[in-house]
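Chain identifiers are assigned alphabetically (A, B, ...) following the order of the sequence lines, protein sequences preceding nucleic acid strands; residue numbering begins at 1 within each chain.
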There are 2 protein chains.
Amino acid sequence: MPLGRRSPMAKTRVVVADRNVITRVGIRSILERNSGVAVVAEATSYDAVIDAVDEHGPDVLIIDLDLGDDTTAGLKLCEIITERFPDTKILVLAQTLSEMIVVEALRRGVTGYLCKDDVKADELGKGVRAVQDGDTVLGRGVGSLVARGLGSTRGQTEHLTDRELEVIKAAAKGMSNKQIAHEIFISESTVKFHLQNASKKLNAHRRAEIVHRATAAGLL
Amino acid sequence: MPLGRRSPMAKTRVVVADRNVITRVGIRSILERNSGVAVVAEATSYDAVIDAVDEHGPDVLIIDLDLGDDTTAGLKLCEIITERFPDTKILVLAQTLSEMIVVEALRRGVTGYLCKDDVKADELGKGVRAVQDGDTVLGRGVGSLVARGLGSTRGQTEHLTDRELEVIKAAAKGMSNKQIAHEIFISESTVKFHLQNASKKLNAHRRAEIVHRATAAGLL
DNA sequence: TGACCACCTATCCAAAAGGCTAGGTAGTTA
DNA sequence: TAACTACCTAGCCTTTTGGATAGGTGGTCA
């Protein structure tokens, strides 16, 4: 189906992935009103996205990375898609902006990143066509975020290990190091160790800031 | 075609308030497909909601309380609507669930509370008709949240004062009490005082938990 | 006027957290 | 094999907290 650039006849074929019905219907309505685009499938889970892309071979995948409990799974998904289906461009349509997520997504081959709350109706169609043409589309505010993100971490956004996340989550619940140590069967020293590593990665210096940043980054 | 106390002819007239185009279009599509409902106006700001309700006198207002930077403004809006336009029922369609917001909304006359991510396409129409009929509609998870909310605070959700919020925000940035004191020109003791009061109100015992709860409640 | 509120301050002490250095294991990869 | 990673532990000392108690002001409202 996909041929060269785009024949003036062929509609842009899109798969929409979002856990939220309202959003899916909204995207479909907006795009189909604008008759250069056809939504060929919808998906609500990470697995369903792969199946849908595999089955329909769309030109563009519009996706909210936050399809499950684990946002990092969304990033992994992007990696899989770009690798296995290089002809399908990815346009992320995020609920919230997080520096870390944006940077990680772009690193995994995502070529468009818009924020739901900022996007205007006509921008959605434009964005789809632009990413289909191989352009990179970054919504309002996303661009500067990327610049900061890449600058501050010198091209290497460090990610938290499982243990670190586990400790941070416990800290967010107000537990002391001693309590956390007890909870997950490690020593208090280790808890402090994980928190210190996490604080370096998140560039935070107090546990309150650690949990705040982790929350803002959508990691909790 | 439902016919309770409503005439079988008359469509339910709805105003949709959400800052997000995609959501507005989605809600409109879903509801109008289901031909008992007509969306008569859309609004994207708190002021516009009042104007729209005043002008169209809808049966139901579907609203995402989070129309601006300040969620509490959304709560104030509910109060105004129920007072000035008692014939317009309010159905909140929230992005995220927060115990405090749900409880406060219900206390201000909201009769429906659904969560965007949980709602199924047919539930939206059902919800609208139910609140129009004067029923209270609480989405999955919302009910239990209310029970906990009302139980834990004995019917009185305490709210944070301006100063308390200010201190919490600073704490979230990783500042120590001393730094915060310096920043807002009060003594370190006062900072501790505010944090202690806040921790009682939020039922948290550590500053990490305070900022986490405040964040989760959409207060930051 | 008294009650109440948001706000401000102080002192005391024990507990917790922060920052450091200096080790260890198991598993993976170049 | 060496290098790297995630993970785990220890001790030391300082700073920051949490929690309690006990005062104060100015404003609002019945």
Taking for each residue the nucleotide of DNA chain D bearing the nearest heavy atom, is the 5' side occupied by B:Phe193 or by B:Lys178? B:Lys178

Which comes earlier along DNA chain D counting from the 5' end, the contact point of B:Gly174 or that of A:Ser187, where each point is its nearest nucleotide? A:Ser187

Could you give the [atom1]-to-[atom2] distance, from [X] to [N], as a whole number of Å?
X	N	atom1	atom2	result
A:Leu160	D:dC7	CG	P	10 Å
A:Asn197	D:dA6	CG	P	9 Å
A:Met175	C:dA15	CE	P	19 Å
B:Ile180	C:dT9	CD1	P	14 Å
A:Lys200	C:dG19	NZ	P	9 Å
B:Lys192	C:dT11	NZ	C1'	9 Å
B:Leu195	C:dT9	CG	P	14 Å
B:Phe185	C:dC8	CZ	P	12 Å

Quick one: does any side-chain atom of A:Gln196 pair with a main-chain N or O of A:Phe193 as donor and acceptor, under 3.5 Å?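 Such a contact is absent between A:Gln196 side chain and A:Phe193 backbone.
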
Kindly say if [X] contacts the phosphate of [N], meaning a side-chain N or O under 4.0 Å from OP1 or OP2.
X	N	answer
A:Arg163	D:dA6	no
A:His194	D:dC7	no
A:Asn177	C:dA17	yes
A:Arg207	C:dA16	no

Between A:Arg206 and B:Ile186, name the one whose nearest nucleotide on DNA chain C is closer to the 5' end.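 Going by which nucleotide is closer to the 5' end, it is B:Ile186.
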
Counting any heavy atom closer than 4.0 Å, what does [X] reach on the DNA or RNA strands: base, sugar-phosphate only, or nothing?
X	value
B:Ser189	base
A:Thr161	sugar-phosphate
A:Glu188	nothing

Nearest-neighbour nucleotide for the A:Gln196 side chain, D:dG18, D:dA6, C:dC20 considered: C:dC20

C:dA17, D:dT16, C:dC7: which one has an atom nearest the side-chain heavy atoms of B:Asp162?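 So the side chain of B:Asp162 is nearest to C:dC7.
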
Identified salt bridge (Lys or Arg N to Asp or Glu O under 4.0 Å) counterpart of A:Glu209 within the set A:Arg207, A:Arg206, A:Arg213: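 Answer after filtering A:Arg207, A:Arg206, A:Arg213: A:Arg213.
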
Closest non-hydrogen atom pair between B:Lys116 and B:Leu93, with its separation: CE-O, 3.5 Å

Return the minimal non-hydrogen interatomic distance between A:Lys192 and A:Asn177, and the atom names on each side.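 Distance-wise, the nearest heavy atoms are CG-ND2, 3.4 Å.
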
Run the numbers on B:Glu166 and B:Lys169 for side chain to side chain contact (heavy atoms under 4.5 Å, CB included), then give the verdict. CA-CA 5 Å; B:Glu166 208 174 344; B:Lys169 282 180 190 169; 5.9 Å; no

